[in-house]
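Here the structure comes first, spelled out in structure tokens, and everything after it is commentary.
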Amino acid sequence: MQSVALDLHRKISAALPGVSVLLPDEQHLPLQAAPVDEQGRPAVGTGERGLGAYLASRPLGYAQIEWPRFITGEEYWTPIAAVATTAAAADALARQIREAVAGAPGDVSWYVLQQAPTLTPLPGRAVMSRAVYAIELLHGELPPT
């Protein structure tokens with residue numbers, strides 16, 4: 001379901017230009033973040049590493065799209081996480097993602113909020129707000145936009 005992940009990436013990136021939007025295959029990137037030296041190599045013994053370092057360079061937080069999960073017929077559920085340094089920031093980012101993906105509450109969209117965001121504290125002064133969106137494909141394809 002690469003097409004669903006790419007469509008979500010396009011929608012979120014267009015609506016939130018200052019926010020990093022990671023595809024499912026990029027989940028490891030925040031955990032590998034580290035300071036670098038002048039040559040661009042990982043610096044040894046300096047600064048925070050991992051999720052804290054990744055968020056330090058992204059003050060607005062980031063969005064993580066997960067692989068769509070087959071539910072029934074042609075319906076898929078896709079989790080999208082908003083990760084930021086505080087619960088308020090993660091919640092605000094999750095709200096912006098919802099509007100980019102499904103529109104404002106009451107709007108008609110191909111993506112429907114299936115499970116409201118839930119907050120989870122993460123290591124390294126981070127908080128994740130993760131919601132699940134449903135989409136029904138038409139004959140295995142994304143609906144026309």
Side-chain angles (χ1 to χ4, degrees), residues 1-36 40-43 46-145:
M1 289 288 58
Q2 182 84 7
S3 59
V4 171
L6 291 174
D7 185 54
L8 289 167
H9 185 275
R10 181 185 56 78
K11 288 178 182 298
I12 297 168
S13 295
L16 305 170
V19 174
S20 295
V21 182
L22 302 180
L23 290 166
D25 289 339
E26 298 172 319
Q27 279 185 313
H28 64 281
L29 293 179
L31 303 177
Q32 295 175 339
V36 293
R41 299 176 300 202
T46 59
E48 187 173 10
R49 297 187 174 306
L51 185 55
Y54 194 78
L55 284 172
S57 65
R58 289 159 181 80
L60 299 175
Y62 71 94
Q64 174 65 63
I65 300 168
E66 297 179 32
W67 284 117
R69 294 178 174 98
F70 175 75
I71 301 300
T72 61
E74 295 201 26
E75 183 178 4
Y76 288 81
W77 288 7
T78 306
I80 304 174
V83 182
T85 56
T86 66
D91 187 49
L93 182 55
R95 197 169 32 258
Q96 292 174 311
I97 291 169
R98 187 203 69 232
E99 289 179 9
V101 170
D107 285 355
V108 175
S109 171
W110 290 108
Y111 293 97
V112 177
L113 182 64
Q114 188 65 36
Q115 294 175 356
T118 56
L119 288 173
T120 305
L122 299 174
R125 298 183 323 264
V127 179
M128 174 177 66
S129 180
R130 185 174 176 268
V132 178
Y133 296 87
I135 184 170
E136 191 155 335
L137 303 183
L138 300 174
H139 307 292
E141 299 293 324
L142 283 170
T145 54

Problem - Over all atoms of both residues, closest heavy-atom pair of Ala87 and Val127 - result: N-CG2, 3.7 Å
Handout entry: Set of residues satisfying side-chain contact (heavy atoms from CB on, under 4.5 Å) with respect to Val19, sequence neighbours excluded
Key = Leu16, Leu60, Leu93
Practice task
Mark yes or no for whether Thr78, through its side chain, and Ala5, through its backbone, hold a donor-acceptor pair below 3.5 Å.
Solution key: no
Problem - Main-chain N/O of Val21 paired to Gln64 side chain as donor or acceptor, under 3.5 Å - result: no
Problem - Pairing residues for Arg130 by the salt bridge (Lys or Arg N to Asp or Glu O under 4.0 Å) criterion, not counting sequence neighbours - result: Glu66
Exercise for the section: Measure from the side-chain N and O atoms of Glu75 to the backbone N and O of Thr72, and report whether any donor-acceptor pair falls under 3.5 Å. Expected result: no
Exercise for the section: Could you grab the distance from atom CD of Gln96 to atom CD1 of Ile12, nearest 0.5 Å is fine? Expected result: 11.0 Å
Handout entry: Shortest non-hydrogen separation from Ala94 to Ser129 and the atoms involved
Key = CB-OG, 3.4 Å
Fill in the blank from the handout: In this structure, CD of Gln2 is separated from CG of Asp7 (nearest 0.5 Å) by 12.0 Å
Problem - Partners passing salt bridge (Lys or Arg N to Asp or Glu O under 4.0 Å) against Asp25 (at least two apart in sequence or in another chain) - result: none
Exercise for the section: If a pair satisfies salt bridge (Lys or Arg N to Asp or Glu O under 4.0 Å) and one of its residues is in residues 83-96, list it, with sequence neighbours excluded. Expected result: Asp91-Arg95
Completion exercise
Tightest non-hydrogen contact, residues Leu113 and Gln115, listed as CD1-O, 3.5 Å
Exercise for the section: With the side chain counted from C-beta on, respond yes when Met128 and Thr120 share a heavy-atom pair under 4.5 Å apart, and no when they do not. Expected result: yes
Problem - Pairs flagged by salt bridge (Lys or Arg N to Asp or Glu O under 4.0 Å) wherever residues 12-21 is involved - sequence neighbours left out - result: none
Handout entry: Residues in ring-ring contact (aromatic ring centres under 6.0 Å, His included) contact with Tyr62, at least two apart in sequence or another chain
Key = Tyr54
Practice task
Please report the closest heavy-atom contact between Val83 and Ala126, naming both atoms and the distance.
Solution key: CG1-CB, 4.3 Å
Fill in the blank from the handout: d(Ile135 CD1, Leu8 CG) to nearest 0.5 Å is 7.0 Å
Completion exercise
Scanning both residues in full, the closest heavy-atom pair of Leu55 with Gly61 reads CD2-CA, 4.0 Å
Practice task
For the pair Val4 and Tyr111, evaluate side-chain contact (heavy atoms from CB on, under 4.5 Å) and give the outcome as yes or no after the intermediate values.
Solution key: CA-CA 10 Å; Val4 171; Tyr111 293 97; 4.0 Å; yes
Completion exercise
Heavy-atom nearest pair, Trp67 first then Pro79, reads O-CD, 4.0 Å
Practice task
Would you please test Leu6 and Arg10 for side-chain contact (heavy atoms from CB on, under 4.5 Å) and show each step?
Solution key: CA-CA 6 Å; Leu6 291 174; Arg10 181 185 56 78; over 6 Å; no
